Amino acid sequence: MEINFKGIEKKWQKRWAEAKIFETGDDDPREKFYVLEMFPYPSGSGLHMGHAWNYTIGDILARFKIMSGFNVIHPMGYDALGLPAENAAIEAGEHPEDYNKKSIANYIKQQKALGLSYDWSRMISTDDPKFYRWDQWIFLKMFEKGLAYQKESAVNWCPECNTVLANEQVHDGNCWRHEDSSVEVKHLKQWFFKITDYADELYEGLNDIDWPETTKTMQRNWIGKSYGTEIMLEVEGGEKGNVVIVHGSQFLNANSDKGYFEPNEQPWMLWIKNKIEDRIKVDIPLMPNYNNPVYEDWKNEFEKLGVNENTILIGHSLGCAFLVRWLGETKTKIKKLILIAPAKKCVLKYYNEKAEVFYDFKIDKDIKKNISEIIIFTTNNDYEEIMQGSKLYNEELGGELIELKNHGHFIKKHMGTNEFPELLDKIIGSQTWPIFTTRPDTLFGVTFMVVSAQHQKLMDLVKDSEREKVEEFLKGLGSVSEKELGDMEKKGVFSGSYAVNPINGERIPVYVGNFVVADYGSGMVMGVPAHDKRDFEFARKYGIDVKEVVKGGDISKEAYVDSGDLVNSGDFNGMNNNEAKERITQHLESKGLGKKVVNFKLRDWGISRQRYWGTPIPIIHCKDCGAVPVPEDEFPVKLPRKVKFGDGNPLLTNEKWVNVKCPKCGKKAKRETDTMDTFVNSSWYFLRFCDPNNDESIFDSEKVKSWCPVDRYVGGQEHACMHLIYSRFYVKFLRDLGMFDFGEPFASLFHQGMLHAEDGSKMSKSKGNVVLPESVSDKYGIDTARFFLSSLASPDKDIDWSERGIIGSLRFVKRIFGVFDSVKIDKDSAKLESKVNEVVRNVSKYYDEFLYRKATIEIRELFDLIASEKEASMDTLEKFLKLLSPICPHISEELWEKLGNKVFVSDFSWPEFDESKIEKKSEMMDLNGKIIERVKGILKKGTKKVYVYVMPFEREGVDVGRIGAEIEREVEVFTVNDSEKIDPKNMAKKAKPGMPSVYLE
RNA sequence: GUGGGGAUGCCGGAGUGGCCAAACGGGCUGGACUUAAGAUCCAGUGGCAUCUUUGCCUACGGGGGUUCGAAUCCUCCUCCCCACACCA
């Protein structure tokens, strides 16, 4: 029999379209159901059978739901913006806009030929400015809320794509699109979306959605929530440069015995020098004629010393005036300026006149631009003029003004102590680093720290003496790509700095390491070699101490990472380490040195792409006003058509587009030429389907509220950590804007398997193994293909195309036509009636759960019965077609019409079933009868007693009296698991449910 | 390494305590139809025995266990796939 599949398909597709049966109204009282397949990037090469299958999976469900009486929204659109489209267009020598229009048109044609139940009136395409203007609107809202921001950062650069990639788009150090281009690290200013603000909700929200466990796990791993303790750690800065202390005038009586010191030998000066000179050079020059100072003389003397941008200058009293004057004159850049009791005029009457001249200068406010830190020390009991001087300097120069108690004029006579720790702090500038750890219990076992080699503040930690070694180390890493970095062995180099363990005050060396991630936690980790594998290796390699703090393993051989009791841990000794985690954290917390924190692996989403075919970022860069958003009434910022493709960002080549006026100040400014990552479009397109033609707003909230969230979302698992996280983020953001009230876009998610080519490999144009739906449709009919693919395996599994296999389905389809021609329409046999009810019941469930394969099996079974009975009721034949129609809509429609129906089967109600009509399988129908029959069959004359063995659940139904009467023997019944049973021949084992076993005595 | 999923007949793939030598399909074998091929239809498809009935043996990656009873539950092992991969 030959069937004109093409004709049938065309006929019904046309009729469905004319009757608009798949167009969905917004105000339908029926319960809504949103079925969505991930919208495709419309590739120029069109869709192959694998794509067709993806849409079919959703289509079968949508059709089932339509028939089941739901108000089904089942839309389709095109993810047309993006790099691949741009590249394909360039390769084809066409403008992306034109190229894409053609691709989309081709896609639509192909999809329509598949007979998919889309509501084409809702179609959207992301390259339409009417669509992407709302990308820009969302960007603006993000910008307003501080969730869109720019930062200079190390980014993943794909040389193939000529653009930056998001973290999610880098796999194994390679671009997700170009398996053999290794991603480079570049430093660029980029736009980011602050997805991390939603990290916790993205993580926790996974508990409430019906998604495949694997995908949820992947997202959980990606977001990477971990609970731990943040420990505040003091790290001595790596000093570099030098310190110069310029003393004041010597005005005290030279004869006073205890009060007398040379001006450059004030005890605190010597104390400081002594404290730090092994780490940093300290000069305390004795200035000429200090009792009769002449500025020029001091200047000459002072300039003999090296002063550069790494110098810390410390002045005391008159010395301060000298330094400020000198800095104002010379505009020298220095690191820090510390003024101690600075004077702006002479404080003692008998003081030399020349000193007055010394103070005769104006404080140059601009010097603060050349100094990264200015600190002024004053006290409460200095000379009045000096205290005022401190304030004056502070007013003019800014910086920090520190008032100490009872330090007089900071000379021996007044201070009462030789020590000046406050100053020491300011010189060494010890830094506080928060350290994240999940093992605060091992804090006593810390023997080193490692800071990331990529850390921005790394050099602040490196001491001069180690600088060369560190730089060499960094150089060694610099030539390595991101990918190799992953495989590299853990290496480190000593930074020269030490951290202080807050729990016991121990000094811990800080290393620079290649294995510490710079932007996780604070980029510095504590090393506990005794209880962490990696730390153990590191310590072994560099001869660092391994200090056991948790008992349980042999730390001379390997790190012990399991639990145990604490040792070498001060007050916490003997405590179980799990308890110690809490207690040590509490202890730190009480001292303000630590707290419980949650940390995430998730990073902000870098959305800048240096390419043309994307949504323009609606920002204008102005020299004076900075990044200024394009006003909403100027939206959309359309992509200019005229650009040159070649090297670099094409948008830069349209100067007219780039050069604009600043919306704020009206001066000349430039447009942002980065475009947005293509994933911004797919992050919310499913919302737009609810109101696709709205030009007034992104969508009508009421419509979105009535349709969303998506009830069943069908798409590939490869988007687990990209599209599916971004969409969740967008939805949460839009919800927080008050657009709607749900927080998750996709209530349930289904990942389809991939359709491979006949040889089991991926279908690809280059391999020449692509199966095209058109040719399949010509040869076998699209319904046959749908049935075949449905029957292969459950749709979440990968399957292989098979020309031979589809013949089996073709055979089935042809048989259907044959049987429908010949079957006598009358009434059902009891068997058929039971079967049809059973199949309706089961298939309904199967469709709802994507168990299409099982559906095809039962449909076949029902069909086989109809065929063998040769007679069936009209009702049964109709039910059969209804059951078949989600998978084979065209031929079902055709046969439905042949039965004399005028309405569409696709739009008809789903069949119901009657549970009571389904024959119960002979389950213990007459257990006693069976026993009697069986015993009678083997009964011998000499048999005296009969033992019967039944299943425990059958025991109650056994009528010993009746059996005994029938067989005229003594009967004893045992359950098969009765340990006291009499069973010499081990017959109990042979018993099966419904089939007891028997032993004759 | 971590997390997830697997391993069933010639093949794809059901089955998740008893009705399982294992659904359904493909393939293969035989038969019907035909001059023949294709298509279609029927039957068979672990082994041995047997008159249909039926019995026994060997089988669901490998070992061990729980149970009256295991493809199905537990445990260890092997192998395969997928994802994340130095996240402290």
Side-chain angles (χ1 to χ4, degrees), chain A residues 1-2 171-173 212-226 228-229 435-440 442 449-450 452 485-490 513-528 531-535 537-538 599-603 717-718 720-721 751 760 787-788 790-794 796-800 802 804-812 814-815 818 851 853-861 864 867-868 921-924 937 949-954 974-979 981 983 986-995 997:
Chain A
M1 183 194 305
E2 286 310 316
H171 299 286
D172 275 340
E213 219 33 66
T214 50
T215 302
K216 292 209 259 186
T217 306
M218 279 167 70
Q219 289 210 356
R220 286 195 186 103
N221 289 342
W222 187 261
I223 298 167
K225 185 177 186 176
S226 54
T229 302
I435 304 294
F436 180 72
T437 180
T438 53
R439 293 294 304 272
T442 62
M449 309 292 301
V450 189
S452 168
L485 213 66
D487 310 326
M488 261 171 68
E489 67 170 318
K490 295 154 203 30
N514 66 346
F515 60 94
V516 177
V517 178
D519 52 0
Y520 182 75
S522 62
M524 191 191 281
V525 298
M526 61 185 220
V528 186
H531 306 290
D532 181 278
K533 245 180 121 177
R534 197 180 39 212
D535 295 347
E537 277 173 43
F538 192 84
N599 229 322
F600 295 95
K601 283 204 284 187
L602 187 72
R603 311 291 150 79
Q717 197 179 15
E718 66 273 18
C721 291
H751 293 310
F787 190 86
F788 167 60
S790 298
S791 70
L792 269 181
S794 90
D796 56 336
K797 297 243 166 80
D798 287 356
I799 49 179
D800 297 344
S802 159
R804 276 191 148 176
I806 193 172
I807 287 174
S809 296
L810 182 62
R811 227 175 263 160
F812 176 64
K814 286 183 175 179
R815 274 181 70 209
L851 299 170
R853 189 186 142 73
K854 291 189 180 180
T856 66
I857 289 164
E858 298 229 7
I859 288 170
R860 270 182 189 268
E861 283 176 9
D864 284 344
S868 65
K921 285 191 184 129
S922 61
E923 50 179 74
M924 58 156 108
Y949 310 96
V950 297
M951 291 295 126
F953 56 86
E954 290 172 328
F974 295 105
T975 60
V976 103
N977 60 343
D978 184 347
S979 56
K981 65 180 179 289
D983 184 14
N986 224 355
M987 292 303 287
K989 267 195 175 171
K990 312 253 154 132
K992 286 175 181 171
M995 186 45 73
S997 58

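These figures come from a predicted structure and were not determined experimentally. A note on names: the letters A, B, ... follow the listed sequences, proteins ahead of strands, and every chain is numbered from 1.
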When you match A/T438 and A/D864 each to their closest nucleotide on RNA chain B, which lands nearer the 5' end?
A/D864
Pick the closest RNA chain B nucleotide for A/L810 and for A/F436 by heavy atoms, then say which residue is nearer the 5' end.
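Checking each residue's closest nucleotide, the 5'-ward one belongs to A/L810.
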Taking atom [atom2] of [N] as reference, at what distance in whole Å does atom [atom1] of [X] sit?
X: A/D532; N: B/C87; atom1: CG; atom2: C1'; result: 12 Å
X: A/E858; N: B/C24; atom1: CD; atom2: P; result: 11 Å
X: A/F812; N: B/A39; atom1: CZ; atom2: P; result: 18 Å
X: A/L602; N: B/C84; atom1: CG; atom2: P; result: 15 Å
X: A/Q717; N: B/C82; atom1: CD; atom2: P; result: 11 Å

If you take atom types as modelled and just measure distance, does the side chain of A/R603 reach the base of B/C87 with a donor-acceptor pair under 3.5 Å?
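Side chain to base: pair present.
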Between the base of B/A88 and the side chain of A/R439, is there any donor-acceptor pair under 3.5 Å?
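Side chain to base: no pair present.
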Which is true for [X] with a 4.0 Å heavy-atom rule: it touches a base, it touches only sugar-phosphate, or it touches nothing?
X: A/V516; value: base
X: A/G808; value: sugar-phosphate
X: A/E861; value: sugar-phosphate
X: A/T215; value: nothing

How is the base pairing of RNA chain B summarised as a dot-bracket string, given the Watson-Crick and G-U wobble criteria with both distances under 3.5 Å, [ ] for crossing and | for another strand?
((((((((.[[[..)..(.....]]]((((((.......))))))((((....))))...[[[[[..)....]]]]])))))))....
For a side chain to side chain contact (heavy atoms under 4.5 Å, CB included) check, start with the C-alpha distance between A/T442 and A/M526, then their side-chain angles and the critical distance, and finish with the verdict.
CA-CA 10 Å; A/T442 62; A/M526 61 185 220; 3.7 Å; yes
Rounding to the closest angstrom, what is the interatomic distance between [N] and [M] at atom [atom1]?
N: B/A22; M: B/G17; atom1: C1'; result: 15 Å
N: B/A59; M: B/U72; atom1: C1'; result: 15 Å
N: B/G5; M: B/C56; atom1: C1'; result: 39 Å

Contact letters for nucleotides 11-17 of chain B, in which S counts primed atoms plus P, OP1 and OP2 and B counts the base, heavy atoms under 4.0 Å:
-BSSS--
Sugar-phosphate atoms are those with a prime plus P, OP1 and OP2; base atoms are the rest. Using that split, label each nucleotide of nucleotides 67-73 of chain B B, S or - for protein heavy atoms under 4.0 Å, 5' to 3'.
-B-----
Is there any protein nitrogen or oxygen under 3.5 Å from a nitrogen or oxygen in nucleotides 1-4 of chain B, and what are the pairs?
none

May I ask you to say whether A/R603 pairs ionically with A/D519, meaning some side-chain N is under 4.0 Å from a carboxylate O?
yes
Would you confirm whether A/K981, through its side chain, and A/V976, through its main-chain N or O, come within 3.5 Å as a donor-acceptor pair?
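Judged by distance alone, yes, a pair lies under 3.5 Å.
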Side chain to side chain donor-acceptor pair (under 3.5 Å) partners for A/T215, two or more places apart
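With neighbours one apart ignored, the set is A/Q717, A/H751.
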Nearest of B/A83, B/A85, B/A39 to any side-chain atom of A/W222?
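The closest nucleotide is B/A85.
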Nearest to the side chain of A/K814 - B/C87, B/G27, B/A39?
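From the listed options, B/A39 comes nearest.
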Closest heavy-atom contact between A/Q219 and A/A720?
NE2-O, 2.7 Å
All heavy atoms of A/S794 vs all of A/R853, minimum pair found to be N-CD, 4.0 Å
Output yes when at least one side-chain N/O atom of A/R860 is less than 4.0 Å from OP1 or OP2 of B/A23, else no.
no
What does the list of N/O pairs under 3.5 Å between the protein and nucleotides 41-44 of chain B look like, with a distance for each?
{"residue": "B/C41", "atom": "OP1", "partner": "A/R815", "partner atom": "NE", "Å": "2.8"}

Could you check whether the rings of A/F436 and A/Y520 sit parallel, tilted or perpendicular, using 30° and 60° as the cut-offs?
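Answer is perpendicular, since the angle exceeds 60°.
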